[in-house]
There are 2 protein chains.
Amino acid sequence: MPPRSAHPRSTGRVTLADVAAIARVSPITVSRALRGERSVDPELVARVKAAADRLGYVPDPAARALASRHSTHVALLVPMLSNSLFVDLLEAVQGALRREGYQTLIGVTHYDAGEEEQLLREQLQHRPAGLLVTGLEQSEGTRALIHGSGLPCVHLMETSAAQGVYSVGFSQADAGAALTRHLLERGHRRIAFGAAQLDARTLQRLAGWRREMQAAGLHSPTLEWLNPAPSSLSLGRTMFEQMIAQSPPLDAIFFCNDDLAQGALLSALRLGISVPERIAIAGFNDLTGSDQMLPPLTTVRTPRAEIGAAAAVMLLGLMRGEVPPSACVDLGYEVVVRQSS
Amino acid sequence: MPPRSAHPRSTGRVTLADVAAIARVSPITVSRALRGERSVDPELVARVKAAADRLGYVPDPAARALASRHSTHVALLVPMLSNSLFVDLLEAVQGALRREGYQTLIGVTHYDAGEEEQLLREQLQHRPAGLLVTGLEQSEGTRALIHGSGLPCVHLMETSAAQGVYSVGFSQADAGAALTRHLLERGHRRIAFGAAQLDARTLQRLAGWRREMQAAGLHSPTLEWLNPAPSSLSLGRTMFEQMIAQSPPLDAIFFCNDDLAQGALLSALRLGISVPERIAIAGFNDLTGSDQMLPPLTTVRTPRAEIGAAAAVMLLGLMRGEVPPSACVDLGYEVVVRQSS
DNA sequence: CTGAAAGCGCTTACAG
DNA sequence: CTGAAAGCGCTTACAG
């Protein structure tokens with residue numbers, strides 16, 4: 001079969017015009033029918049869809065983006081994929097968006113506000129139809145870019161009651177407080193907070209821990225072990241080795257992320273320190289392997305897959321111009337008590 | 001400042017035409033100058049670049065894609081991000097491509113050939129400028145899509161000597177053989193191979209193990225423990241519990257991936273089975289945490305970040321129409337002997 | 001080495 | 001509810 005068109009620059013692609021010719025309507029009607037604009041005669045819609053199916057027509061994203069000023073891309077900004085939390089988030093987002101014909105543009109910020117801004121700038125050049133951003137704390141520049149773009153934007157992992165801000169997540173502070181209460185109920189008094197990275201969400205968990213410790217009259221600044229280095233198993237080991245030597249001795253450690261807690265657990269095994277008898281250990285996020293540790297790790301299960309999916313659904317609605325039922329969706333968390341506490 | 005143009009549909013964006021007006025040349029000359037086409041007077045190039053800088057001009061990817069038939073996207077297909085191996089690969093690819101102005105379109109296939117094909121089909125609609133595909137084994141349909149697209153394509157993680165195939169990786173079979181030799185040299189005889197997922201690369205490692213075991217006259221089908229379920233710590237535990245009960249007893253287990261081996265190590269700890277005295281354990285890929293295990297895990301370090309970066313560089317060259325110095329880049333591997341063997 | 005014209009494949013904005 | 005015209009912002013292909 002020869003190409004449908006003899007134009008020298010024809011790409012061989014099936015175009016709107018081809019569909020229009022078959023359906024015997026104008027190209028613009030095809031465009032409207034296929035995009036589901038109402039105000040097209042249902043009979044024509046059917047004719048157009050049949051023609052499109054027959055020809056295997058697929059809209060050209062570039063042409064669509066150029067004409068409409070919006071691509072079928074959605075920009076997603078996450079801090080770090082080495083934390084599997086964000087892999088789960090990403091997969092859920094990507095799955096939900098893909099079903100609706102959107103491609104996810106992934107930017108990994110490495111917890112760097114400047115890099116986040118630069119990535120967003122680059123992503124905006126592709127004229128995404130919407131934005132998905134981890135957390136609520138952005139640089140001035142990033143905020144200006146988001147606002148200036150006029151694009152719908154949903155924030156992930158935290159919740160915000162602020163006007164005009166869309167968010168899907170849970171209260172990191174409350175989750176931190178809940179785990180702390182669990183440790184207090186177990187009878188632990190000297191409960192340290194071990195944190196790395198020190199990003200916004202970690203600091204909120206810290207605030208939750210502080211709140212409960214102060215309420216119990218047990219807070220002391222010497223119980224706060226804050227390390228700005230990236231979170232990892234080996235950092236957990238290092239921190240544990242320092243913390244276990246503290247005097248008076250600690251009863252328990254609440255690590256801000258499971259990888260630190262896993263490293264601590266392995267270190268305790270190595271040093272012959274019994275957990276939870278000598279010291280209790282708890283983590284956060286319920287990452288892979290935490291249930292396999294020795295002893296299995298007490299932690300907080302966070303619904304990142306659900307957050308990703310719900311945020312994608314909310315964004316999809318916003319991109320269609322709908323008003324979401326709620327601008328702030330709280331998906332909660334769950335304290336998972338295992339043997340390490 | 002008012003918008004530069006009174007056109008009702010102007011986007012407010014700085015365009016080629018704006019730069020051309022300032023530089024006092026035609027738009028097509030601006031296009032050529034900025035894309036680095038030679039056959040533009042160096043003096044004009046300088047004038048154009050100065051004008052572009054002054055205006056903060058950024059080319060519109062959609063317009064460029066529509067006119068040129070190629071976007072600034074590169075499609076990347078990986079099996080699974082829950083294996084941190086592919087996160088490392090992805091980050092390296094994305095970093096290298098981003099520096100040259102390309103956006104990475106990530107498709108996660110979940111080790112499913114049908115999903116891989118569907119993802120590629122969707123990605124091709126965005127007219128990527130190049131393709132990066134994990135492994136050499138694709139479905140007929142995927143191969144047809146790759147070939148039919150006419151796009152440059154580089155395969156990752158494995159090496160192929162086939163004509164017209166570009167690949168960056170290492171010999172999975174040789175790496176499997178090397179680790180097996182190490183275990184043999186340690187004096188182990190009954191060395192089992194424990195595998196999950198059973199993807200192409202795992203089976204190549206299996207082949208390497210088999211080769212060495214047969215050469216040593218020690219191979220037996222009963223030493224092959226092959227489980228098609230996804231690789232994970234908990235599966236490693238389950239497999240280990242079965243394998244340790246085998247009789248006559250095993251001397252060593254070579255797991256096809258570190259997560260299985262980590263699960264096995266934790267299981268051994270739980271059961272009070274001493275490693276490597278009672279049984280040696282080795283893994284593959286040197287994933288996060290393997291050096292923190294008890295005992296630290298013997299494994300094979302694989303250069304995935306280097307593979308990602310080198311593949312991106314090769315693809316960048318191919319997209320410029322260059323012929324790469326070598327169509328097949330072997331980046332090797334390294335047996336990392338720790339205490340578990 | 002440079003440019004005027006045409007075109008990539010859609011959608012917007014305006015009519016009717 | 002439907003369409004003819006114009007335009008999105010680039011690059012290709014053809015001249016000179």
Side-chain angles (χ1 to χ4, degrees), chain A residues 3-21 23-48 52 55-72 101 125-127 129 321, chain B residues 3-21 23-48 52 55-72 101 125-127 129 321:
Chain A
R4 295 165 329 298
S5 151
H7 277 308
R9 296 180 56 191
S10 158
T11 55
R13 220 178 151 118
V14 178
T15 69
L16 258 196
D18 299 320
V19 178
R24 313 190 45 146
V25 293
S26 70
I28 179 60
T29 298
V30 175
S31 171
R32 287 198 269 244
L34 260 24
R35 274 177 300 136
E37 260 191 26
R38 60 208 148 202
S39 87
V40 180
D41 188 319
E43 195 204 321
L44 284 192
V45 172
R47 225 159 77 201
V48 166
L55 260 36
Y57 169 70
V58 176
D60 183 321
R64 179 171 270 185
L66 185 57
S68 73
R69 276 115 112 167
H70 288 306
S71 68
T72 50
Q125 287 168 21
H126 289 268
R127 306 190 194 191
Chain B
R4 296 164 328 296
S5 150
H7 277 308
R9 294 182 57 191
S10 159
T11 55
R13 220 176 153 121
V14 177
T15 70
L16 257 196
D18 299 321
V19 178
R24 311 188 46 143
V25 294
S26 71
I28 179 60
T29 298
V30 175
S31 170
R32 287 198 270 243
L34 259 24
R35 274 177 299 134
E37 261 190 26
R38 57 201 155 214
S39 87
V40 180
D41 187 317
E43 196 202 321
L44 284 192
V45 172
R47 225 158 76 199
V48 166
L55 261 33
Y57 170 70
V58 177
D60 183 321
R64 178 171 272 183
L66 185 57
S68 73
R69 279 116 110 164
H70 287 307
S71 68
T72 49
Q125 288 168 22
H126 290 269
R127 308 192 193 186

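Chain letters run A, B, ... following the sequence lines, proteins first, then strands; residues in each count from 1.
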For Ser31(A), check side chain to side chain donor-acceptor pair (under 3.5 Å) against everything at least two apart and list the hits.
Arg35(A)

Leu16(A) CG to dC8(C) P, straight-line distance once rounded to whole Å:
13 Å

To the nearest Å, how far apart are Glu37(A) CD and dG3(D) P?
14 Å

Nearest heavy-atom approach of Val14(B) to Tyr57(B) is O-CD1, 3.3 Å

Specify the separation, in whole Å, of atom CD of Gln125(A) and atom P of dC10(D).
11 Å

State whether Arg69(A) places a side-chain N or O below 4.0 Å from either non-bridging phosphate oxygen (OP1 or OP2) of dC8(D).
no

Apply side chain to side chain donor-acceptor pair (under 3.5 Å) to Ser71(A) and list each qualifying residue two or more places apart in sequence or on a separate chain.
none

Nearest whole angstrom, please: distance from the C1' of dT2(C) to the CZ of Arg47(B).
12 Å

Does any residue of residues 27-36 of chain A have a heavy atom under 4.0 Å from DNA chain C, and if so, which ones, in number order?
Ile28(A), Ser31(A), Arg35(A)

Rounded to whole Å, please give me the gap between NE2 in His126(A) and C1' in dG9(D).
15 Å

Kindly give the heavy-atom pair with the smallest separation between Val19(B) and Val30(B), and that separation in Å.
CG1-CG1, 3.8 Å

From dC8(D), dC1(C), dC10(C), pick the nucleotide closest to the side chain of Ala63(A)?
dC10(C)

Measure from CG on Asp41(A) to P on dT2(D) and round the result to the nearest Å.
5 Å

What's the CG-P distance between Leu66(B) and dC8(D), to the nearest Å?
13 Å

Over all heavy atoms of both residues, which pair between Arg13(B) and Pro61(B) is shortest? Give the atoms and the distance, please.
NH2-CD, 4.0 Å

What is the distance from atom CG of Leu16(A) to atom CG of Leu55(A), rounded to the nearest 0.5 Å?
11.0 Å

Considering all heavy atoms, the nearest Ala20(A)-Ser26(A) contact:
CB-C, 3.8 Å

CG of Asp41(A) to CZ of Arg47(A), rounded to nearest 0.5 Å, is 8.5 Å

I need the CD-C1' distance between Glu43(B) and dC1(C), as an integer number of Å.
13 Å

Residues in side chain to side chain contact (heavy atoms under 4.5 Å, CB included) contact with Val40(A), at least two apart in sequence or another chain:
Thr29(A), Arg32(A), Ala33(A), Leu44(A), Val45(A)

Under the rule of Watson-Crick or G-U wobble with both distances under 3.5 Å, where | means paired to another strand and [ ] a crossing pair, DNA chain C maps to |||.||||||||.|||

Report yes if a side-chain nitrogen or oxygen of Ser68(A) is closer than 4.0 Å to either non-bridging phosphate oxygen (OP1 or OP2) of dT11(C); otherwise report no.
no

Listed nucleotide nearest any side-chain atom of Ser26(B), set dT2(C), dG3(C), dC8(C):
dG3(C)

